[in-house]
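Sequence lines set the chain letters: A, B, ... in the order given, protein chains first and strands last, and positions in each chain run from 1.
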Number of protein chains: 2
Amino acid sequence: MTTMVKVAKLAGVSISTVSHVLNGTRNVNDETRQKVLKAIEETSYRQDALARAMRRSRTDSIGLIVSDGGEPAFAEMIRGVEETAASQGVTLLLANSAEDPQREARAVQALLERRVDGLILARVAGSGLDAISEFANHETPLVLMDRLSEDPYDQVGVENREPIRELVQHLTAQGHERILLIAGDTRVATLRERHEAFTEAMAAAGIPAAKQLAVAAHDSKETDAGIRKALGAAKPPTAVIACSTVLAAAALRQIQQRGLRMPDDIAFAVFDGFAYADLFEPQLTTVRQPAFDVGSTAAELLAKRIADKSREPAIVRLAPVIEYRASTGPAPA
Amino acid sequence: MTTMVKVAKLAGVSISTVSHVLNGTRNVNDETRQKVLKAIEETSYRQDALARAMRRSRTDSIGLIVSDGGEPAFAEMIRGVEETAASQGVTLLLANSAEDPQREARAVQALLERRVDGLILARVAGSGLDAISEFANHETPLVLMDRLSEDPYDQVGVENREPIRELVQHLTAQGHERILLIAGDTRVATLRERHEAFTEAMAAAGIPAAKQLAVAAHDSKETDAGIRKALGAAKPPTAVIACSTVLAAAALRQIQQRGLRMPDDIAFAVFDGFAYADLFEPQLTTVRQPAFDVGSTAAELLAKRIADKSREPAIVRLAPVIEYRASTGPAPA
DNA sequence: CTGAAAGCGCTTACAG
DNA sequence: CTGAAAGCGCTTACAG
């Protein structure tokens, strides 16, 4: 492998000079610079980012740990982070915890050992401060993404409450009272917020908590059972709000099995939705998350934090867009 | 930051010994080891992977460049690579070229500078050997993923021809003759193979190339126009095979607009398909790619290549599974 | 069983 | 405008 020594010899200068023309860190006589550039060309020299990072104690790399790489929304966030990082000349180290606290802890460890300049973390559901506690005594910048918390870190996620409120209003305005919320695993912060907003919005519409319908469960089996029970009740729901894509798929399967027509037999809306929601029959009312922007905002916040570690933690909530479609009847004015 | 020097001092040993207990590279007196372990604990020492990598000239990291991080299939491949890499104790550096040769070249450069132990590359469409030529004089192991080529590297992709043949047989057996192939950008190796297989299979079914219907185009606008023209023809196709998810979406939109019913007015099949194909009405016949396995196989091949640079390049083709559903009529026996 | 020392490939004061 | 040299935090022969 070519190193600076070889380049310097060929150009007849010191390695200091090679380094400085490479990095533009001091004035170099134009003739000298040309010689160096030529030598670099001839030897097809490539800088060693590792050695450079070690000397500068800065790697120009960031880590990203997602809790569920299989979810389309996370795939989008990854793209957002990658694109912004690339535009900053920063390399992205990616890990997927797959909702496993152990894998999350190992990933944090591995990325910290690699001396990333900062870390973006979408935490696994239900894990306490475990992974984060690594950062308590640690100076590595951290940004929480999507899975937010009360901790004093920079955070980016979407606004979960307002869209649910709007959805509930949209449905109650059409006379729906028995609205079923498929809430999923409410240990996940995003899902918990959606559930809470539902409870409040329904109460505000005059439907007390005791009369509200919701399926909150830790796994898909429980969820399926909950949906089955709800749909098969003597007084089944006339509308469904699913709090995630997976939950929506589970509900739609049972709705199809029962031969229920949307929106006449049952209205249907989904938070986060399907990649091609417009191809469904009927088209599905969807709360579309700006997932790409969540990712790129996370990368931006991290860059700012790296540049200035003493700034106030920022908490950013991006607004989803509700796309009203046929599955919930006529769109609001 | 705690370094080995601090640990060594605290434990009253040399840094050699600390290094050896850390890596298990030589026998250490049990008492001594305990002292070192205790010192590591107390100082919450964490190894510096950069310094280690520099000394060993091995980073235990690999790079992955995908050509389109937005495609669900690529998201799955990323997951496959990540999971296998993690299980090997290898960190993944991810870049997305977004079908832009410039970004691809920059990513190759950045990852090489970072001294990744190897690289997995899904090349952008239509780029020549540009990105790959970096490897000609370079000893960094390279595995080609999904977007294969004639070059002498390890490669993993799916079998593209056989599923298309089967699909064509399935359709012609039902009497279809005017089958429209939405081929997309045939500069992409996968799409080119599907197109070629279609041409051959149709000819084998007695339909000469001159009478075959296909839309091959470089961008979505051209594709949309091609589909519009084909569907609006005097003798429109009675069946459609879409060669990718995006292409299928484009076709389905126009099919819905025209109010065509599947499979009666028009049969429909898709290569690579939608995340929740079973929720479509009717359910769509889909060639499901083992995308996750493509990713994990790529990571495995790369590990083997890193371990033994002189082995013969392997070319692996994973078989997709055809899921026959209502959109192409009754499934074959 | 253990330690002193060289060296991986850079950056960056320091000196001229 | 340029160079000699220290040092980033490790691993690994070499020596005892």
How many Å lie between [atom1] on [X] and [atom2] on [N], as a whole number?
X        : N       : atom1 : atom2 : result
Met4(B)  : dA5(C)  : CE    : P     : 16 Å
Met54(B) : dT11(D) : CE    : C1'   : 11 Å
Arg46(A) : dC10(C) : CZ    : C1'   : 16 Å
Asp60(A) : dT11(C) : CG    : P     : 11 Å
Lys6(B)  : dC8(D)  : NZ    : P     : 14 Å
Asn29(B) : dG3(C)  : CG    : P     : 11 Å
Leu50(B) : dC8(C)  : CG    : P     : 17 Å
Asp48(A) : dC8(C)  : CG    : C1'   : 9 Å

* Asked: Can you check whether Asn27(A) has a side-chain N or O nearer than 4.0 Å to OP1 or OP2 of dC1(D)?
  ->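 So the side-chain polar atoms of Asn27(A) do come within 4.0 Å of the phosphate oxygens OP1 or OP2 of dC1(D), strictly under.
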* **Ser14(B) side-chain N/O to dT2(C) phosphate OP1/OP2 under 4.0 Å** =>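 No, because none of the side-chain N or O atoms of Ser14(B) sits under 4.0 Å from OP1 or OP2 of dT2(C).
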* Asked: What pairs with Glu76(A) under side-chain hydrogen bond (donor to acceptor under 3.5 Å, both in side chains), at least two apart in sequence or on another chain?
  ->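 Here the qualifying residues are Arg79(A).
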* side-chain hydrogen bond (donor to acceptor under 3.5 Å, both in side chains) involving Arg103(B) - partner list, sequence neighbours excluded -> Glu82(A)
* Would you please enumerate the stems DNA chain D participates in, each stem being three or more consecutive Watson-Crick or G-U wobble pairs with both distances under 3.5 Å? => C:1-3 with D:14-16, C:5-12 with D:5-12, C:14-16 with D:1-3
* Asked: Please, which pairs that meet salt bridge (Lys or Arg N to Asp or Glu O under 4.0 Å) have at least one residue in residues 60-72 of chain A, sequence neighbours excluded?
  ->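 Counting only pairs at least two positions apart or across chains, the salt bridge (Lys or Arg N to Asp or Glu O under 4.0 Å) contacts touching residues 60-72 of chain A are Arg56(A)-Asp60(A), Arg58(A)-Asp60(A).
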* Pick base, sugar-phosphate or nothing for Val5(A), based on heavy-atom distances below 4.0 Å to the nucleic acid. => nothing
* Asked: Checking all strands, does Val28(B) fall into the base, sugar-phosphate, or nothing category for heavy-atom contacts under 4.0 angstrom?
  ->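 Result for Val28(B) = sugar-phosphate.
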* Can you measure from OG1 (Thr190(B)) to CG (Asp185(B)) and round to the nearest 0.5 angstrom? =>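 Taking OG1 in Thr190(B) and CG in Asp185(B), the distance rounds to 9.5 Å.
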* Asked: Atom CG in Leu121(B), atom CE in Met145(B): separation rounded to 0.5 Å?
  ->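 The distance works out to 8.5 Å.
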* Report, as yes or no, whether the 6.0 Å neighbourhood of atom CD on Gln102(A) holds more than 12 heavy atoms from other residues, nucleotides or ligands. => no
* Asked: Can you tell which of Asn23(A), Val21(A), Val28(A), Leu22(A) makes a side chain to side chain contact (heavy atoms under 4.5 Å, CB included) with Thr25(A)?
  ->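 Of Asn23(A), Val21(A), Val28(A), Leu22(A), side chain to side chain contact (heavy atoms under 4.5 Å, CB included) with Thr25(A) is met by Asn23(A) alone.
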* To do: Side chain of Gln47(B) only, please: which of dT2(C), dC10(C), dT11(D) is the nearest?
  =>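 In terms of side-chain proximity for Gln47(B), the closest of dT2(C), dC10(C), dT11(D) is dT11(D).
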Hey, what are the protein-to-nucleotides 12-16 of chain C N/O distances that come in under 3.5 Å?
{"from": "dT12(C)", "atom 1": "O4", "to": "Ser16(A)", "atom 2": "OG", "distance (Å)": "3.3"}

* Could you tell me whether Glu99(A) and Arg147(A) make a salt bridge, using a distance below 4.0 angstrom between a side-chain N and a carboxylate O? =>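 Judged by the 4.0 Å cut-off on N to carboxylate O distance, Glu99(A) and Arg147(A) do form a salt bridge.
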* Which parts of residues 33-43 of chain B get close to DNA chain C, meaning a heavy atom less than 4.0 angstrom away? ->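 Hits under 4.0 Å, by residue number: none.
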* Asked: Can you find a heavy atom in the side chain of Leu318(A) that is under 4.5 Å from one in the side chain of Glu159(A)?
  ->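 Of all side-chain heavy-atom pairs linking Glu159(A) with Leu318(A), none is under 4.5 Å.
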